[in-house]
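Fair warning: this is a prediction, and the values are worked out from it, not measured in the lab. Every chain is numbered from 1 and lettered A, B, ... according to where its sequence line falls, protein lines coming before strand lines.
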Amino acid sequence: MNNIFEIINLNLWYGSKQALKNISINIDDNCVVALIGPSGCGKSTFLRCLNRMNDLIANCRIEGSILFNNENVNSDSYNEIELRKKVGMVFQRPNPFPMSIYENVIYGPKCQGLTNKKELDSIVENSLKKAALWDDVKDRLHSSALGLSGGQQQRLCIARAIAMEPDVLLMDEPTSALDPIATTKIEELINELKKDYTIIIVTHSMQQAARISDYTAFFLMGELIEYDKTDVIFANPKNSKTEDYITGRFG
Amino acid sequence: MKKQVFFETLYKLSIIFASLLLLLIIIFIFLEGFPALREYGFIKMIFNGEWQPTAKNPSFGLLYMILSTVVSTILSLLISIPIGILSSVCLVRMVNAKIKNIIMFIVEILAGIPSVIVGFFVLKTVVSFLYDHFYYMVGVSGNSMLAAIFVLALMSLPTIITVCVNSLEAVDPMYTEASLGLGANKIQTIYKVELRAARSGIFAAIVLGAGRVIGETMAVMLVSGNAINLPKNLLEPTRTLTSNIATEMSYASGLHQNALYASGIILFIMIMIINIVLLVLLNKGGVDNA
């Protein structure tokens with residue numbers, strides 16, 4: 001297997017507060033990595049480093065290397081727009097644009113200048129099929145995305161990210177705003193998608209991490225405590241803090 | 001418990017009072033204006049340009065003044081809406097908070113100054129300029145439709161900027177993040193997502209701006225020359241519906257007075273049309289309201 005991300009000595013500060021401390025981690029191609037840990041442990045912050053979303057936050061300072069396909073994306077010379085095309089993101093709250101379903105899916109490709117109607121049509125169909133939403137919405141592609149249920153909206157956001165044909169999908173607690181049935185659907189979808197994409201998912205639910213991920217990283221107070229195969233983390237953690245967390249002693 | 005009933009009644013009385021006042025205004029204008037509409041005819045009033053209210057055979061054609069109002073409103077909004085939207089985008093997304101706060105402070109003061117002061121400014125700048133450079137043309141004194149348009153644009157600009165800035169700031173950051181996360185650049189994010197998400201606020205800004213522009217009276221009178229004219233040349237003097245009411249009400253009586261009230265009715269209808277058109281535009285293609 002190939003390392004798609006290689007993070008070396010990553011440190012991050014919000015103003016004077018250090019939010020990530022010396023994180024080093026390698027992420028393999030085509031697998032699902034779950035980031036777990038209590039609130040405020042830095043897992044979402046870490047995730048947002050991977051597509052430079054922290055650029056939007058004033059006073060955020062990042063040191064260290066984030067190698068994506070062997071290129072350091074944590075440098076001014078690396079174009080963050082190129083990065084975000086290859087590293088898509090799905091957010092905690094479903095956030096479809098106030099447009100039609102169709103327009104939502106083609107948003108990314110259109111921003112890259114794609115205008116051919118046929119190509120756009122096929123992107124919409126393929127992306128929605130991959131996101132297991134096509135059958136739900138194929139008859140109302142041009143009605144508002146905001147009329148969909150929460151779970152459907154989140155799958156639309158996944159379809160919208162897939163439409164860019166990224167290598168990696170970052171998911172920031174994608175099911176925390178959804179009901180159990182919609183959550184199951186998203187988890188099934190993640191299982192399907194991992195054939196084609198590397199998926200890095202932040203989750204509050206350890207059961208979810210255990211169900212869907214190949215690897216699990218446990219964060220605590222801005223530090224990466226343990227990173228290993230999910231089976232190992234849950235059955236046989238090496239660090240006692242990890243064990244305390246997954247057995248529910250805190251967090 | 002009694003306290004709650006008391007306050008509930010207070011709220012209800014307030015809203016009843018406000019709606020009743022509005023209703024009274026409408027009834028009053030229509031009652032006063034109706035005799036002119038009946039005597040002279042509504043159609044004739046809006047399609048005839050001849051306004052001779054004190055002649056032996058008076059005629060109350062409002063066409064030229066209606067056109068002046070429409071043309072000056074549209075042209076001034078064509079200046080103030082794009083500038084207003086662009087500057088609000090710039091303030092919200094392109095400058096730092098400190099500069100934004102300073103500029104917003106100035107804009108809010110400008111929104112509050114009496115429009116006559118804007119009129120002074122235009123009188124000393126645009127009107128003087130036109131007089132100095134075009135005095136040789138027939139009918140040009142500087143006081144003109146063009147000057148009126150400048151007054152109206154300047155006057156509506158602060159309102160439009162303030163409301164646009166507020167609505168852009170209210171756009172949920174999740175839309176911005178979603179757009180940037182999809183590889184869109186800053187400009188694409190602003191125009192394709194943020195302005196779209198702020199649509200209803202921006203339409204509100206336009207409605208408010210248009211309302212101010214149509215209703216403006218004194219500052220326009222100050223610079224427009226106040227002569228009734230078909231608005232075919234922007235350098236010639238003009239008179240809008242509101243200026244007409246303000247100019248003539250002091251000495252009007254009888255049917256003449258009724259005709260002025262009737263121009264109030266027409267103003268009222270024009271504002272209604274603007275509101276309805278904008279509402280339709282907002283809902284059309286507005287999948288966000290689906």
**Message:** Report which part of A/Pro96 has an atom under 4.5 Å of a heavy atom belonging to chain B: side chain, backbone, both, or neither.
**Reply:** backbone

**Message:** Looking at A/Lys194, I'd like to know if its NZ atom is crowded, meaning that more than 12 non-hydrogen atoms belonging to other residues, nucleotides or ligands lie closer than 6.0 Å.
**Reply:** yes

**Request:** Rounded to the nearest 0.5 Å, what's the gap from CD on B/Glu177 to CZ on A/Arg48? Could you check?
**Result:** 4.0 Å

**Request:** Rounded to the nearest 0.5 Å, what's the gap from NZ on A/Lys110 to CD on B/Gln188? Could you check?
**Result:** 11.5 Å

**Prompt:** Any side-chain heavy-atom pair from B/Leu182 and A/Arg84 closer than 4.5 angstrom?
**Reply:** no

**Item:** Atom CZ of B/Phe121 with >12 non-hydrogen neighbours under 6.0 angstrom
**Value:** no

**Fill in**
For B/Lys192 and A/Cys111 the tightest heavy-atom approach is CD-SG, 3.9 Å

**Asked** Contact part of A/Arg160 toward chain B, heavy-atom cut-off under 4.5 Å: side chain, backbone, both or neither?
**Response** both

**Prompt:** Take atom CD in A/Glu125; do more than 12 heavy atoms of anything else shown fall under 6.0 Å from it?
**Reply:** yes

**Request:** Look at atom CG of A/Asn59 and say whether more than 12 heavy atoms of other residues, nucleotides or ligands are closer to it than 6.0 Å.
**Result:** no

**Item:** Other residues, nucleotides, ligands: >12 heavy atoms within 6.0 Å of A/Glu165 CD
**Value:** no

**Prompt:** In Å, rounded to the nearest 0.5 Å, how long is the span from CD1 of A/Ile81 to NZ of B/Lys186?
**Reply:** 11.0 Å

**Asked** Mind checking whether B/Arg196 and A/Phe97 have side chains closer than 4.5 Å, heavy atoms only?
**Response** no

**Prompt:** Tell me, which pairs form a ring-ring contact (aromatic ring centres under 6.0 Å, His included) where one or both residues lie in residues 147-196 of chain B, sequence neighbours left out?
**Reply:** none

**Request:** Side-chain contact test, heavy atoms from C-beta onward, threshold under 4.5 Å: evaluate it for A/Glu80 versus B/Leu180 and give yes or no.
**Result:** no

**Minimum-distance pair of heavy atoms, taken over all atoms of A/Tyr107 and B/Ser179** = OH-OG, 2.7 Å

**Item:** Selection from A/Met89, A/Lys85, A/Met53 maximising heavy-atom pairs under 4.5 Å formed with chain B
**Value:** A/Met53

